[in-house]
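Worksheet: the structure to be examined is printed underneath.
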There are 2 protein chains.
Amino acid sequence: MVRASATAEEPLSSELIRAAGVKVTRGRVRVLDALRAARQPLSHAEMEALPAGAGDAAIDRVTLYRVLDSLVACGLALKAVDTRGVFRFSAAGAQRQHAKHVHFRCTGCGGVFCLKAEPPPPPRLPRGFRLQQVEFDLRGLCAGCGALAS
Amino acid sequence: MVRASATAEEPLSSELIRAAGVKVTRGRVRVLDALRAARQPLSHAEMEALPAGAGDAAIDRVTLYRVLDSLVACGLALKAVDTRGVFRFSAAGAQRQHAKHVHFRCTGCGGVFCLKAEPPPPPRLPRGFRLQQVEFDLRGLCAGCGALAS
DNA sequence: CCACAAATGCAACAGTGTTGCATTTGCAGG
DNA sequence: CCTGCAAATGCAACACTGTTGCATTTGTGG
């Protein structure tokens, strides 16, 4: 069954795209669906490989880059760099749940743990600087890796 | 005038390299000198372009990668990823002076700016976790890139 | 001074991201 | 329902970043 619309908590990707003021295309809907379904930010390579079960052909590599750029430009997706230097994208709503706490990155296993603490308020910026994102990351060994190393 | 040795506060790069237990080569000395002289982490491309005034020929691209890897492997340099996804290297001692303040990473030009503010104290960690490093990064547009974008 | 392991230089390659251009498509307006 | 146009797509080619293999050179301990 295909719903023609959706609840306020879970709007259809196509509606989000339309509301953002850009054209609703199959590519954009598919990509935004994938980003919203993913529990972690996705790389371009990971998304290129998604057959998505839909009968559609795979998305062109360049088109995927441009779709992602457009989603970022209209605020529906976020772009970040992982530790290997590869861009990763996430749905804009997804990080809201991660914005309010601190992350601990284990240098041993590479795992990311969410801590309860809130990130502290940012300091004053020099004139002309525009803040977009605050990242408070702790690095170290998690309980498991610490036990192994000792 | 060329000093044959140096003070304890400012050891020669060649001595640091020798002390690290790896061969002292012209490439390593030049690169470590550049890293120690730089006020910001340098990208591979930036270092490749350094004529350094010395009469030496430019360093081979691959050799530069390997020199950097070796400096990182023996603890004399640090490797990080900037917001554009390119690796940046810094002398290992340099980050000690960076540990006590906050960084602003420009998502436009990839530049890193040091702010005056101190990083806030880390929150309590779960049992067994060991803290090694605290990173408080702000992301956004620097004054230059902000002016271009507007 | 010599030998050997480490480091270098060169060529070729892989992955990631971008640009130009012709064609297709979403969407608004008749 | 058509039609036009700007936006989006697909394709080819390119640029940049980083890596691997291999022959040659060089630093260093003996």
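Nothing here was measured: the structure is a model prediction, and the numbers come from that model. Throughout, a chain's letter reflects where its sequence line sits, starting with A, and its residues are numbered from 1.
Picking from dT16(C), dT8(C), dG18(D) the nucleotide with the shortest atom distance to the side chain of Val86(B) gives dG18(D). Taking every side-chain heavy atom of Lys23(A) into account, dA6(D) is the closest of dA6(D), dT16(C), dT9(D).
The residue Thr25(B) sits close only to the backbone: its heavy atoms come under 4.0 Å of sugar-phosphate atoms, none of a base. As judged by a 4.0 angstrom heavy-atom cut-off over every strand, Arg84(A) is placed among residues making no nucleic acid contact. Residue Arg66(A) is in base contact, counting any heavy-atom pair closer than 4.0 Å across all strands shown. Val62(B) comes within 4.0 angstrom of a nucleotide base, judged by non-hydrogen atoms across all strands.
In this model, no side-chain donor or acceptor of Arg61(B) finds a partner on the base of dG9(C) within 3.5 Å.
As a whole-Å value, the separation of Phe87(B) CZ from dG17(C) P is 12 Å. When rounded to the nearest whole Å, the span between CZ of Arg26(B) and P of dT26(D) equals 8 Å. Distance Phe89(A) CZ to dT16(C) C1': 11 Å, rounded to the nearest Å. Separating the CD atom of Glu48(A) from the P atom of dA14(C) is a distance of 16 Å, rounded to the nearest angstrom. Here the P atom of nucleotide dT25(D) and the CG atom of Asp60(B) are 15 Å apart, to the nearest Å. Between Arg30(A) atom CZ and dA8(D) atom C1' there is a gap of 15 Å when expressed in whole angstrom units. Rounded to whole Å, atom C1' of dA8(D) lies 14 Å from atom CG of Leu64(A). Between Arg88(A) atom CZ and dG17(C) atom P the separation is 10 Å, expressed in whole Å.
Taking hydrophobic clusters as Ile, Leu, Val, Met, Phe, Trp and Tyr residues chained together by side-chain heavy-atom distances below 4.5 Å, Val62(B) does not share a cluster with Met47(B). Cluster annotation: Tyr65(B) and Leu35(B) are assigned to distinct hydrophobic clusters (Ile/Leu/Val/Met/Phe/Trp/Tyr, side-chain heavy-atom contacts under 4.5 Å, transitive). In this structure, Leu76(B) is a member of the same hydrophobic cluster as Val22(B), with clusters built from ILVMFWY side-chain heavy atoms closer than 4.5 Å.
Checking Arg18(B) against Asp69(B), the closest nucleotide of DNA chain D that is more toward the 5' end is the one next to Asp69(B). Ranked by how close their nearest DNA chain D nucleotide is to the 5' end, Val22(B) and Lys79(B) are led by Lys79(B).
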List the steps and the verdict of ring-ring contact (aromatic ring centres under 6.0 Å, His included) for His44(B) and Phe87(B).
CA-CA 7 Å; His44(B) 176 276; Phe87(B) 291 129; over 10 Å; no
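Close to dA8(D), at under 4.0 Å from its OP1 or OP2, lies a side-chain N or O of Arg28(A).
Considering every non-hydrogen atom in both Ile59(A) and Leu64(A), the closest pair reads CG2-N, 4.0 Å.
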